[in-house]
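Step one of this worksheet: look at the structure below.
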Amino acid sequence: IISIALCSCGKNLYENDLDLSVQKESSEIDNTKNDVTCEALVKEVSKVIGENYFPDMQIEADYLEQQTGLTNNLYDEFAGEMPKISTNVDTIIIVKAKESKIAEVVQKLSEYRNRLLNDTMQYSKNTGKIQASKIEQIDPYVCFVQLGGDTAIVDEQGDEAIIAYCQHENELAISTIEVKVEKGI
């Protein structure tokens, strides 16, 4: 059992905890997908996560292709951010895939995630973030989230607590994207 730590202010360690069930429920009411830019979705995620959002550098198309194999013929647009400091792995990539290429984009991002999971040269402090990373398809968007920010609040509770904490941050990001795609920004 993973205990939930409270910070000195008495708040749950998930300061940015939103009622995800309410968000998802409200997003399911309107099934009309709005055309939202990937860049706007990344900005919304950074706002929701707040100061625990570590990515601070845009990912360029050539870097995306080099790291993931995603070429510009697979997508209409993308946006992504990663940290400037290479010792941190917090990353978000949102790809608006071409309709006929969604499965290929999911496959490429899954291969990228698997490479990260199998990279034994990662800093041990990033292992939980990588294990908690997630790929989610929200047609036509395919999202890769590997977030967690500062995990120091749960470090002493062990690897499972770090993974759970990062999974929560990733779910918060995905939930935000789902709502914004359904409702528009």
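Remember, predicted model here, so these are calculated numbers, not experimental data.
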Is it true that a side-chain atom of Arg113 and a backbone atom of Ser133 form a donor plus acceptor pair closer than 3.5 Å? yes
Quiz question: by atom type and distance under 3.5 Å, do the side chains of Gln157 and Tyr165 form a donor-acceptor pair? no
Determine yes or no for a side-chain-to-main-chain donor-acceptor pair under 3.5 angstrom, with Asp150 supplying the side chain and Asn52 the backbone. no
With a 3.5 Å cut-off and no angle check, do the side chains of Glu111 and Gln107 form a donor-acceptor pair? yes
I need the minimum non-hydrogen distance between Thr87 and Lys125, along with the two atoms involved. O-CE, 3.4 Å
Side chains of Thr127 and Asp159 in contact at under 4.5 Å (non-hydrogen atoms): no
How close do Tyr53 and Glu81 get, heavy atom to heavy atom, and via which atoms? OH-OE1, 2.7 Å
Hphob cluster co-occupancy, Phe78 + Val36, side-chain heavy atoms under 4.5 angstrom: no
CG-CG distance between Leu70 and Asn73, expressed to the nearest 0.5 angstrom: 9.5 Å
Nearest-0.5 Å distance that lies between atom CG in Asp62 and atom CD in Gln67: 10.5 Å
Count I, L, V, M, F, W, Y as connected when their side-chain heavy atoms are under 4.5 Å apart, and connections chain through other members. Are Phe54 and Val154 then in the same cluster? no
Taking everything shown except Ile85 itself, do over 12 heavy atoms lie less than 6.0 Å from its CD1? no
Determine, using the 4.5 Å side-chain heavy-atom cutoff (strictly less than), whether Leu147 and Met57 are members of one ILVMFWY cluster. no
From Asp76 CG over to Cys38 SG, what is the distance, rounded to the nearest 0.5 angstrom? 9.0 Å
Cluster check Leu116, Val142: I/L/V/M/F/W/Y, side chain < 4.5 angstrom: yes
From NZ (Lys84) to CG (Asp56), nearest 0.5 Å: 5.0 Å
Could you report the tightest heavy-atom contact between Gly128 and Ile162, atom names first, then the distance? CA-CG2, 4.0 Å
Grouping I, L, V, M, F, W and Y whenever their side-chain heavy atoms are under 4.5 Å apart, do Met82 and Ile130 come out in a common cluster? yes
Heavy-atom count check: over 12 atoms from other residues, nucleotides or ligands less than 6.0 Å from Lys134 NZ? yes
Lys/Arg-Asp/Glu bridge criterion (N-O < 4.0 Å) met for Glu104, Lys98: no
Please report the closest heavy-atom contact between Phe144 and Gln146, naming both atoms and the distance. CZ-OE1, 3.5 Å
Measuring from Gln122:CD to Gln131:CD, what's the distance to the nearest 0.5 Å? 11.0 Å
Show the nearest heavy-atom pair for residues Ile92 and Ile59, with the distance to one decimal. O-CD1, 4.1 Å
Please check this pair: side chain of Glu77 against backbone of Thr37, looking for a donor-acceptor N/O pair closer than 3.5 Å. no
Flag the pair Asp35 and Lys96 as a salt bridge only when some basic side-chain nitrogen lies within less than 4.0 angstrom of an acidic carboxylate oxygen. yes
Do you know the tightest heavy-atom contact between Cys143 and Ile174? CB-CD1, 4.0 Å
Are the side chain of Asn170 and the backbone N or O of Cys166 linked by a donor-acceptor pair below 3.5 Å? yes
Lys129 vs Asp90 side-chain heavy atoms within contact, under 4.5 Å: yes
To the nearest 0.5 angstrom, please state how far the CG atom of Leu74 sits from the CG atom of Leu109. 10.0 Å
Spell out, as yes or no, whether a donor-acceptor pair under 3.5 Å connects the side chain of Thr176 to the backbone of Leu172. yes
Side-chain touch Lys101/Tyr75, heavy atoms, less than 4.5 angstrom: no
